[in-house]
Amino acid sequence: MAIRIYNTLTKQKEIFEPIIPGKVGMYVCGPTVYDSCHIGHARALVVFDVIVNYLRATGYDVTYIRNFTDIDDKIIDRANQLQVSSREIAEKYIAEFYEDMDAIYVSRANVEPKATDHIQSIIQIIEQLIHKGMAYHEDGDVFYSVSAFSDYGKLSGRKLEEMEAGARVDINPKKKNPLDFALWKAAKPDEPSWDSPWGKGRPGWHIECSAMSRQYLGDTIDIHGGGKDLIFPHHENEIAQSEGAFGKCFVRYWIHNGFININHEKMSKSLGNFKTIKDVLKTYHPEVLRLFLISSHYRSPIDFSDKSMDDAKSVLERLYALCKRCLEHKISIHGSGDMSSSEYWPRFCEAMDDDFNTAIGISVLFDAMHHANRIMDQSVNILQDENKPVLLSIFEDIFRMSRILGILNEDPLTFFEKQKSKALAQQQVDVSMIEQMIQERALARKQRDFAKADQIRQKLQSINIILEDKPDGTIWKVR
RNA sequence: GGCGGCAUCGCCAAGUGGUAAGGCAGCGGCCUGCAAAGCCGUUAUUCUCCAGUUCAAAUCUGGAUGCCGCCUCCA
């Protein structure tokens with residue numbers, strides 16, 4: 001079954017056919033490193049992480065490139081504010097980026113190039129564009145001439161004339177057309193700069209992606225991704241640069257992810273509702289964030305709220321509870337290891353093949369979970385049960401699905417310990433007191449003094465401690 | 001002003017012509033001393049509204065209403 005991808009360029013789902021069968025070249029726009037990553041970044045990163053995982057699982061050899069924009073106005077501003085070099089700012093936030101990515105289980109790309117390491121290739125493309133008459137040099141700046149590229153606007157669905165009519169862009173007297181954009185910016189005093197045929201300066205924002213994607217993936221790449229906001233002008237300009245300079249199709253499939261709102265409001269610094277990844281991880285397990293991010297289709301807008309996060313949390317806890325239950329029965333949660341498949345993996349693939357429909361994929365995970373629990377409910381001794389192989393094959397699939405989605409990375413026991421201590425930290429309850437009360441209750445139960453036992457249960461419940469009586473003792477958790 | 005998107009159960013959310021997935025919450029049952037967890041069952045004759053095309057529409061067309069995004073840095 002072929003994978004179908006919604007292509008922003010054609011506005012429809014298309015059968016995915018890479019240029020070279022079996023191989024995929026994929027480029028995703030990474031962050032401008034001038035501040036901490038927020039959950040919007042997390043969404044884009046997680047979405048493309050899942051996509052890459054899935055492409056690889058279906059047998060594609062994926063070369064995944066994700067860049068860092070490490071030179072830019074915002075970085076320079078921040079550096080000036082803090083009285084440090086822009087390089088220091090970039091390095092600080094790149095380090096932080098990796099911390100965040102590791103925390104939320106986003107894998108490294110094959111190459112993670114930085115703009116400042118590719119100044120020569122950038123200059124070469126600009127020279128080529130000037131040579132072809134598609135760019136012009138003006139007083140140390142170089143601009144791309146949008147009117148020289150007849151396809152300008154094809155990605156974002158705009159027409160040059162219409163944009164000019166409604167344009168309220170800054171009046172830059174150096175530009176021939178207000179929509180022309182900078183390929184090279186002349187250095188202002190004290191700004192970081194590189195030598196170029198046009199004097200000291202630095203690259204414009206869009207040109208780095210044209211340069212780096214070509215260097216690592218060639219003239220035409222299979223997939224280019226990023227957030228919806230990048231469609232215009234960033235990706236539109238990348239097309240103009242790359243196709244203008246090399247005369248070949250730049251990207252075959254454009255994939256764009258939707259935005260995150262917070263309590264139905266746009267997430268923005270002015271509204272004060274910006275959430276960084278680190279903020280969210282103070283309250284929620286990283287896989288809760290992942291699960292929340294992929295429980296809707298990647299192109300839809302999603303609303304971040306406590307309710308949605310709590311929903312994702314209970315889902316994750318149920319999955320881990322199943323894993324824990326298996327471990328208690330000495331069943332490997334990594335399945336049989338021989339890739340013997342139940343019905344769930346093919347169903348999951350069917351969902352993912354349709355434009356990476358993770359929402360349906362997760363529902364398949366649920367079916368598998370119910371099935372596994374049902375088998376264990378009905379079994380007296382699962383190790384000798386005739387259904388053991390079925391259970392193992394279900395777990396084989398649960399494990400494979402979780403590898404794609406990037407969840408269930410932790411040992412279940414560790415997971416619940418962490419959840420417990422996180423909850424305890426917020427509740428401020430005394431653990432030894434709880435355990436003492438459980439002892440008392442155990443004694444009461446032994447003496448069949450259920451009134452007293454229930455009283456203790458009630459008391460603990462009132463401070464959000466829930467008890468679970470198991471055959472071999474009582475366990476507790478924080479609600 | 002230009003371009004585009006969205007509106008599906010209390011909440012979240014799939015579903016692009018064939019008769020409404022899934023999750024959370026709720027309810028009933030099994031299990032339990034009672035619970036919890038788990039399992040089973042159940043909850044939208046209906047998809048913002050109006051009109052139309054069709055044997056057939058949440059899905060297509062036209063209109064209305066509401067919400068949102070992009071056009072300036074942005075995932």
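Since this is a predicted model, take the numbers as computed values, not measurements. Residue numbers begin at 1 in each chain, while the letters A, B, ... track the order of the sequences.
Taking 3.5 Å as the limit, the base of A75(B) and the side chain of Arg43(A) contain no donor-acceptor pair of atoms between them. In this model, no side-chain donor or acceptor of Arg158(A) finds a partner on the base of G1(B) within 3.5 Å. One can find a donor-acceptor pair under 3.5 Å joining the base of C34(B) and the side-chain atoms of Asp469(A). Between the side chain of Asp454(A) and the base of G33(B), at least one donor-acceptor pair of N or O atoms lies under 3.5 Å. Side-chain N/O atoms of Arg445(A) and base N/O atoms of G33(B) include a donor-acceptor pair closer than 3.5 Å.
Legend: residues meeting ring-ring contact (aromatic ring centres under 6.0 Å, His included) with Phe366(A), ordered by chain and number and at least two apart, are absent.
At the phosphate of C70(B), OP1 or OP2 sits under 4.0 Å from a side-chain N or O atom of Lys266(A). Contact annotation: His370(A) reaches the phosphate of C39(B) (side-chain N/O to OP1 or OP2, under 4.0 Å). Taking side-chain N and O atoms only, Arg318(A) has a distance below 4.0 Å to OP1 or OP2 of G38(B).
Mapped onto RNA chain B by nearest heavy atom, Tyr298(A) and His206(A) fall at different nucleotides, with Tyr298(A) at the one closer to the 5' end. Residues Lys74(A) and Ala321(A) both approach RNA chain B. Their nearest nucleotides, taken by heavy-atom distance, put Ala321(A) toward the 5′ side.
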Could I get a table of every N or O pair under 3.5 Å where one atom is in the protein and the other is in nucleotides 4-12 of chain B?
none

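Near RNA chain B, meaning a heavy atom under 4.0 Å from it, residues 471-479 of chain A has Lys477(A) in order of number.
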